[in-house]
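The block underneath contains the structure these notes are about, expressed in structure tokens.
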Amino acid sequence: MRRVSVFGATGSIGESTFDLLMRQGGPTAFRTVALTGGRNVARLAEQARALRAEIAVTAHEDCLTDLRAALAGSGIAAAAGAQALIEAADRPADWVMSAIVGAAGLAPGFRALRHGGTLALANKESLVTAGPLLMAEAARHGARILPVDSEHSAVFQALVGEDMAAVERIIITASGGAFRDWPLERLAHATVAEASSHPNWAMGQRITIDSASMFNKALEVIETKEFFGIDPDRIEVLVHPESLVHALVGFRDGALMAHLGAPDMRHAIGYALNWPDRRDLPVARLDLAAIGALTFRAPDLTRFPALRLARAVMATGGTAGAAFNAAKEAALDAFIAGQIGFLDMARVVEAVLAEMSSAGGLGNAAISLDNVMATDAEARDRVQARVRTGRI
Ligand code: NDP
């Protein structure tokens, strides 16, 4: 029986993964090793009971008593804290879903590669912050990383049977998020509630706001470079409001292979779960005649500077991705807390990147887990200091 673990089981991706595991037989088809979550321990315990997991882990030590109470009588072990997440990743599994949000997802996913199984990677932050490390670790242990981000799953599928040498460009699409058509002046006053509602996708709050600011797409451009090993100049972003074409691969003979599907993450998750096979998935089938038209346009880098920053990060290399992601996460925290405005997020990230680059650190730094963690902490501190003192 296939052994599976889900990191970030209680989140948006985690719930979709749970749904598919249950539909595909639940505890009769999978041996669930570890399920992890954050504060939602009641739901974590429900999932652990339904899948008969060996262990349920909450990231927060102050949630352990509640988790234990919710699991009472089930025989399922409970644990809490960052070290417990690593220990959960040390339990051998054949298929691991990495769906913790943010840089916190890096360490458990990295550790899980040691078993040489499959890491289904939703946590794009892992590739943005430590792409070369993650890919090398996978190669060292004979592990396979399968992308779960819809765009990257789409590219991966378009590349089946193809030679990367024949690839001219990769185009990832962007819905444009909640503020696709908002003028710059209005963006300055955008609220957290407005940024938290996506026109096409139902996702966690943080990635939804990152979609509105295009920071999500910026992370995905870097993710594309790290995962497919393609030159940044050959990665394009195309705004596609309908979110039905997820990505396109352009080949040297001029052919463009597009991947289309309903905006439902269970497609990409199910593909990674069943790879290399395809199984029936509970996703809507597209009726293109009813849809009628698909539209595309170039992204506006003035209103959405995050895409420009991603290019600078790739050009700098080293630990610039770790600084970029951490600064973005800290800026997002400050926006959600009402401390800074929507447009301030990109401003403060750019300022901190410039500061850290001119201090000579980023581009020349060797990428190691320690360096990535130290850079991450420094970038967060710098953003928080600027927010505190109003130096945006
Ligand atoms: P959610 O916010 O919905 O869920 C995040 C999960 O991580 C929850 O289980 C949460 O626990 C847990 N968690 C939160 N903070 C921590 C922490 N510090 N340490 C350990 N666990 C923590 O996120 P999403 O599911 O939306 O996104 C997960 C990842 O997948 C992200 O990297 C995102 O970029 C990526 N992704 C998401 C897509 C989507 O459609 N949602 C699409 C493509 C990629 P709890 O809720 O119990 O507190």
Side-chain angles (χ1 to χ4, degrees), residues 5-19 34-48 56-64 66-67 70 79-86 88-89 97-109 111 119-129 146-154 172-175 177 196 198 200-211 213 215-220 222-224 227 243 246-247 261-269 271-272 283 325-326 328-329 332-333 336 376 380:
S5 287
V6 182
F7 287 81
T10 51
S12 166
I13 293 288
E15 283 287 5
S16 293
T17 307
F18 173 77
D19 177 67
L35 296 182
T36 86
R39 300 223 162 263
N40 193 354
V41 291
R43 181 61 186 148
L44 180 62
E46 265 172 29
Q47 292 178 333
V57 182
T58 161
H60 309 289
E61 285 172 19
D62 59 335
C63 293
L64 183 56
D66 289 346
L67 179 60
Q83 187 52 33
L85 288 175
I86 301 293
M97 166 56 77
S98 167
I100 290 173
V101 65
L106 171 62
R111 191 72 162 220
L119 184 70
L121 190 66
N123 180 268
K124 62 193 83 183
E125 296 88 343
S126 298
L127 280 171
V128 172
T129 57
L146 294 177
V148 170
D149 228 344
S150 57
E151 297 76 2
H152 304 76
S153 173
I172 59 173
T173 59
S175 68
S196 302
H198 196 283
N200 305 333
W201 293 91
M203 308 185 285
Q205 186 195 32
R206 297 182 73 86
I207 184 175
T208 302
I209 300 176
D210 283 349
S211 296
S213 63
F215 266 113
N216 181 48
K217 209 49 57 180
L219 297 181
E220 288 177 6
I222 303 172
E223 183 186 7
T224 303
F227 188 83
S243 294
H246 303 307
D264 184 334
M265 285 308 296
R266 290 179 302 179
H267 174 76
I269 298 167
Y271 183 80
V283 298
N325 178 67
K328 187 279 297 176
E329 287 190 24
L332 178 59
D333 290 339
I336 292 173
D376 177 288
R380 281 174 209 267

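In each ligand, atom 1 is the first atom listed, and ligand 1 is the first ligand listed. If you're wondering where the values come from, they're calculated on a predicted model, not measured in any experiment.
If you check which protein heavy atom lies closest to atom 36 (N) of ligand 1, you get I207 CD1, 3.6 Å. The shortest contact between atom 20 (C) of ligand 1 and any protein heavy atom is with A59 CB, 3.3 Å. Looking at atom 21 (N) of ligand 1, its nearest protein heavy atom turns out to be I100 CG2, 3.5 Å. At the shortest separation from atom 18 (N) of ligand 1 among protein heavy atoms lies A104 CB, 3.7 Å. Among all protein heavy atoms, the one lying closest to atom 32 (O) of ligand 1 is E125 OE1, 2.7 Å. R39 N, 2.8 Å is the protein heavy atom nearest to atom 48 (O) of ligand 1.
The shortest N or O to N or O distance between D149 and ligand 1 is not under 3.5 Å. In terms of polar-atom proximity, G204 is counted as a contact of ligand 1, with an N or O under 3.5 Å from an N or O of the ligand. Below 3.5 Å of separation, one finds an N or O of G11 facing an N or O of ligand 1. At least one N or O atom of G38 sits closer than 3.5 Å to an N or O atom of ligand 1. Checked against a 3.5 angstrom limit, the closest N/O atoms of S150 and ligand 1 fall outside it.
Shown in contact with G8 at under 4.0 Å from a heavy atom are these atoms of ligand 1, numbered in order with element: 6 (C), 7 (O), 9 (O). In summary, the atoms of ligand 1 found under 4.0 Å from a heavy atom of N123, numbered by their order in the structure, are 32 (O). Residue-ligand proximity, M203 to ligand 1, at heavy-atom distances under 4.0 Å covers atoms 39 (C), 40 (O), 41 (N). Within ligand 1, counting atoms from 1 as listed, the ones closer than 4.0 Å to a heavy atom of M265 are 40 (O), 42 (C), 43 (C).
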- Query: Does the pair H267 and S150 meet the rule for a side chain to side chain donor-acceptor pair (under 3.5 Å), with working shown?
  - Reply: CA-CA 8 Å; H267 174 76; S150 57; over 6 Å; no
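Proximity of E329 to F215: side-chain heavy atoms (C-beta onward) are nowhere separated by under 4.5 Å. Between L121 and L146 the shortest side-chain heavy-atom distance does not fall below 4.5 Å. Looking only at side-chain heavy atoms (C-beta outward), R39 and D62 come within less than 4.5 Å of each other. M97 has its side chain out of reach of S5: every pair of non-hydrogen atoms, C-beta onward, lies at least 4.5 Å apart.
Under 4.0 Å is where a charged nitrogen must lie from a carboxylate oxygen, and between K124 and D210 no such pair does.
Across all their heavy atoms, V57 and A88 have their closest contact at CG2-CB, 4.0 Å. Looking at every heavy atom in both residues, S175 comes nearest to S243 through CB-OG, 3.2 Å.
Here A122 has heavy atoms under 4.0 Å from ligand 1 in both its backbone and its side chain. Contact annotation for S12 and ligand 1: heavy atoms of both the backbone and the side chain come within less than 4.0 Å of the ligand. With a 4.0 Å cut-off on non-hydrogen atoms, Q205 does not touch ligand 1 at all. Residue-level proximity to ligand 1 for T10 is carried by backbone and side chain together, each with a heavy atom below 4.0 angstrom.
Here the options are L219, N123, L106, the test is side chain to side chain contact (heavy atoms under 4.5 Å, CB included), and the partner is V128; only L219 passes.
Put simply, part of K124 is less than 4.0 Å from ligand 1, judged by heavy atoms. Residue contacts with ligand 1 include A99, since one of its heavy atoms falls under 4.0 Å from the ligand.
Here W201 and H246 bring their ring centres to under 6.0 angstrom of each other.
How far CE of M203 is from CD1 of I209: 10.5 Å, rounded to the nearest 0.5 Å. To the nearest 0.5 Å, atom CG of residue L85 and atom CD of residue Q83 are 9.0 Å apart. To the nearest 0.5 Å, atoms CD (E223) and OG (S126) are separated by 9.0 Å.
Residue nearest to atom 31 (C) of ligand 1, selected from V128, I13, V101: V101 (by heavy-atom distance).
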